[in-house]
Amino acid sequence: MSLNLDKKMDFPPRGELLDFHGVGMTHYFTDNWENIQNFQARPDDILIATYPKAGTTWVSYILDLLYFGQTSPERQTSIPIYSRVPFLEISIPSLVPGTDLADKLPTSPRLIKTHFPVQFVPKSFWEQNCRIIYVARNAKDNVVSYFHFDHMAMIQPEPGDWSSYLQRFMEGKMVWGSWYDHVNGWWKKKQTYSKLHYMFYEDMIEDTGREIDKLCCFLGLSPSAEEKKQITVGVQFDNMKKNDMANYSTFPVMEFKMHSFMRKGKVGDWKNHFTVAQSEEFDEDYKKKMRDPTLQFRTEV
Ligand code: PPS
């Protein structure tokens, strides 16, 4: 089942930020709430959970290649990543909702994406003891990436200027809520839920092969050396950027004339956006919010 992209659609109106059970959301991700909460996960489902812009697509593509790269090579040239890995909570008029796409996925395992904070995950994922992969990215690069994305993703609230956007990020007034609560909430869950693999964007940049090895260990997969090499090359930023099945260029609610989903793919791009004063204020505030010494991020590699 595909997303229903046959005809070119006009951009729907940008969503407005609303407070949903204490978390910033827009109606595009809450309209289907009942079906989302009643979603029936299967024991072999794999949930890829992230705060937006933390490396979801990168890890989704790696998993898709690990599971289906050898058995269904045709899918690499015919099915975009957002149809292979449905986005659980999305519901945009005239597109098939994420829950329906996931229900109808013919693959086993099913790979499913969410940006939900841990408390919003449908209970069947926990009951079925599903494997979950959480990807986290340092706050400074994450907010920069999110700022650019909100210019191109026409269903997101208007981003406004950079300094007001940064302020809102620090206040947690973003779609999918506070970055600080998100990364901490999932980190805490990892202490009690053993089937959660928590990984970092910066580690992926530093050594993609090593992180793929760790993923395989978690998933119980043992790809051949040749296969692993193919995957590591295929998921390099430049290769994904020119791959129309991985770069979102066919997704209807994004503006591609001025922007690119695969934007920079770097650690440290925040230095091109933060002023010295913004960086100092951010760091001060960060220290107050990030009190768990066991959860550490790198802002450079
Ligand atoms: S989304 O919309 O939340 O699903 O976006 P997400 O995929 O989580 O994050 C997009 C950012 O990840 C970068 N990206 C990569 N970086 C390095 N290597 C690879 N292969 C790769 N694939 C995606 C993408 O460029 C976005 O980051 P920025 O900093 O904006 O470039």
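All values derive from a computational prediction rather than experimental measurement. Just follow the structure's listing: the first ligand is 1, and inside any ligand the first atom is 1.
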Going from [atom1] on [X] to [atom2] on [Y], what distance comes out if it is rounded to the nearest 0.5 angstrom?
{"X": "Phe20", "Y": "Trp176", "atom1": "CZ", "atom2": "CH2", "result": "13.0 Å"}
{"X": "Thr275", "Y": "Trp162", "atom1": "OG1", "atom2": "CH2", "result": "9.5 Å"}
{"X": "Leu66", "Y": "Ser222", "atom1": "CG", "atom2": "OG", "result": "10.5 Å"}
{"X": "Glu89", "Y": "His115", "atom1": "CD", "atom2": "NE2", "result": "7.0 Å"}
{"X": "Lys188", "Y": "Asp181", "atom1": "NZ", "atom2": "CG", "result": "11.5 Å"}

When the side chains of residues 32-43 are checked against the rest of the protein, which donor-acceptor pairs come out under 3.5 Å, sequence neighbours left out?
residue: Asn32; atom: OD1; partner: Asn35; partner atom: ND2; Å: 2.7
residue: Asn32; atom: ND2; partner: Thr99; partner atom: OG1; Å: 2.8
residue: Gln37; atom: NE2; partner: Phe120; partner atom: O; Å: 3.0
residue: Asn38; atom: ND2; partner: Glu34; partner atom: O; Å: 3.1
residue: Gln40; atom: NE2; partner: Asn38; partner atom: O; Å: 3.1

* Structure fact -> Pocket residues around ligand 1 (non-hydrogen, under 4.0 Å) come out as Pro52, Lys53, Ala54, Gly55, Thr56, Thr57, Trp58, Lys113, His115, Arg137, Ser145, Phe149, Tyr201, Ile205, Val235, Gln236, Phe237, Met240, Phe261, Met262, Arg263, Lys264, Gly265
